[in-house]
Amino acid sequence: MPSTSRVSLTRFLIEEQRDKGHINGDLRLLIEVVARACKRISIAVGKGALGGVLGSAGTENVQGETQKKLDVVSNEILLEANEWGGHLAALASEEMDDPHPIPHRYPKGEYLLVFDPLDGSSNIDVNISVGTIFSVLRCPDGVSEPDEKAFLQPGTQQVAAGYAVYGSSTVLVLTLGDGVHTFTLDREQGSFILTGSNLQIPADTGEFAINMSNIRHWEPPMRRYIDELLAGKTGPRGRDFNMRWVASMVADVHRILTRGGIFIYPRDLKDPSKPGKLRLMYEANPMAMIVEQAGGAATTGRERILDIRPDKLHQRVPVFLGSRNEVKQVTAYHREADTA
Ligand SMILES: O=P(O)(O)OC[C@H]1O[C@](O)(COP(=O)(O)O)[C@@H](O)[C@@H]1O
């Protein structure tokens, strides 16, 4: 591992490929192109009202959500940056119903890229951190025109995952399946510089993140877990817990990667047809890979997220991730309730 003094993302990836051989030239190029796209999105986000990018685009995505202008702009930046490079067989996005084929005028590659171009959309207009989340899979052998089915691989099949968080600084977090590393955008130089290697999430924590306003819709084991945290020192957990909720998954997960915590978006009975709010392929899976690579855990409350065999590109799942002893505790409560 190179020393952390001013190691650019480019150098980091070249040395990962040369010294460890667990990534090839195409994957290295793919990560570089995604990082460049995140840099362009960071600039667009940073312009705010001056860039005319705030507010609604007046259109809806496949989830039935109103698209923000920056959702559309970020999606276009990622498509345009990635479709001509020759390292992808197809792309898929939260903002597009179906996978995006590589135009025939461009060569195809061996990877599939699936992403949430702008996570935390509800925070764009109020200047709170948002981000981009991405996951890289291999295109199944023999598949020349990848359709939705080609993407439906368990999270364990990811060869890389990452996110960029556009906050006071822009930080890219990356795993290639061998630890989690952070890169901070040097705005003057225009390049991502390695600022953290092999991050580890503490196994225990005193901090939880959940949208408490949904409490009346939670299942009993979920209520039990949160009631015990809120009971603090005098309760069964015997210590106090603090709460945080940014409502941008990237920002909440980045805090957990930095100092521990548990992030929860459970199944709620508000709409029993929806097993959760967050999407498996481009929110839960990449974040679960990052968290597990940093020594944490990630479940649906019942099963390991990375073991789920997807059946739809935009399927939703409950998400419990972060400090592994807390994730274990709340998962145990759900399994206990299911067998009671
Ligand atoms: O509005 P709520 O219920 O607090 O949900 C917030 C969650 O929804 C999300 O904003 C969903 O993501 P998108 O913004 O990409 O649709 C997450 O980032 C966040 O954790």
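No experiment lies behind these values; they were computed from the predicted model shown. In listed order, ligands and their atoms are each counted from 1.
- Qualifying ring pair (Phe, Tyr, Trp, His ring centres under 6.0 Å) partners for Y163, counting only residues two or more places apart in sequence or in other chains: H254.
- Residues passing the ring pair (Phe, Tyr, Trp, His ring centres under 6.0 Å) test with F183, sequence neighbours excluded: F12.
- Defined by atom type and a distance below 3.5 Å, a donor-acceptor pair is present between the side-chain atoms of T10 and E32.
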Give a table of atom pairs where an N or O of ligand 1 lies under 3.5 Å from a protein N or O.
from	atom 1	to	atom 2	distance (Å)
ligand 1	1 (O)	K277	NZ	3.4
ligand 1	3 (O)	N211	ND2	3.2
ligand 1	3 (O)	Y265	OH	2.5
ligand 1	4 (O)	N211	ND2	3.0
ligand 1	4 (O)	W245	NE1	3.0
ligand 1	5 (O)	K277	NZ	3.1
ligand 1	8 (O)	K277	NZ	3.2
ligand 1	12 (O)	D119	OD1	3.1
ligand 1	12 (O)	E283	OE2	3.1
ligand 1	14 (O)	G120	N	2.9
ligand 1	14 (O)	S121	N	2.9
ligand 1	14 (O)	S121	OG	3.3
ligand 1	15 (O)	E94	OE1	3.1
ligand 1	15 (O)	D116	OD2	2.9
ligand 1	15 (O)	D119	OD1	3.4
ligand 1	16 (O)	E94	OE2	3.2
ligand 1	16 (O)	R279	NH2	3.0
ligand 1	18 (O)	D119	OD1	2.8
ligand 1	18 (O)	D119	OD2	3.1
ligand 1	18 (O)	M249	N	2.8
ligand 1	20 (O)	M249	N	3.3

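- Of the N and O atoms on the side chains of H314 and Y282, at least one donor lies less than 3.5 Å from an acceptor on the other residue.
- In terms of the ring pair (Phe, Tyr, Trp, His ring centres under 6.0 Å) criterion, F192 has no residue partners (sequence neighbours excluded).
- Of the N and O atoms on the side chains of E16 and H22, at least one donor lies less than 3.5 Å from an acceptor on the other residue.
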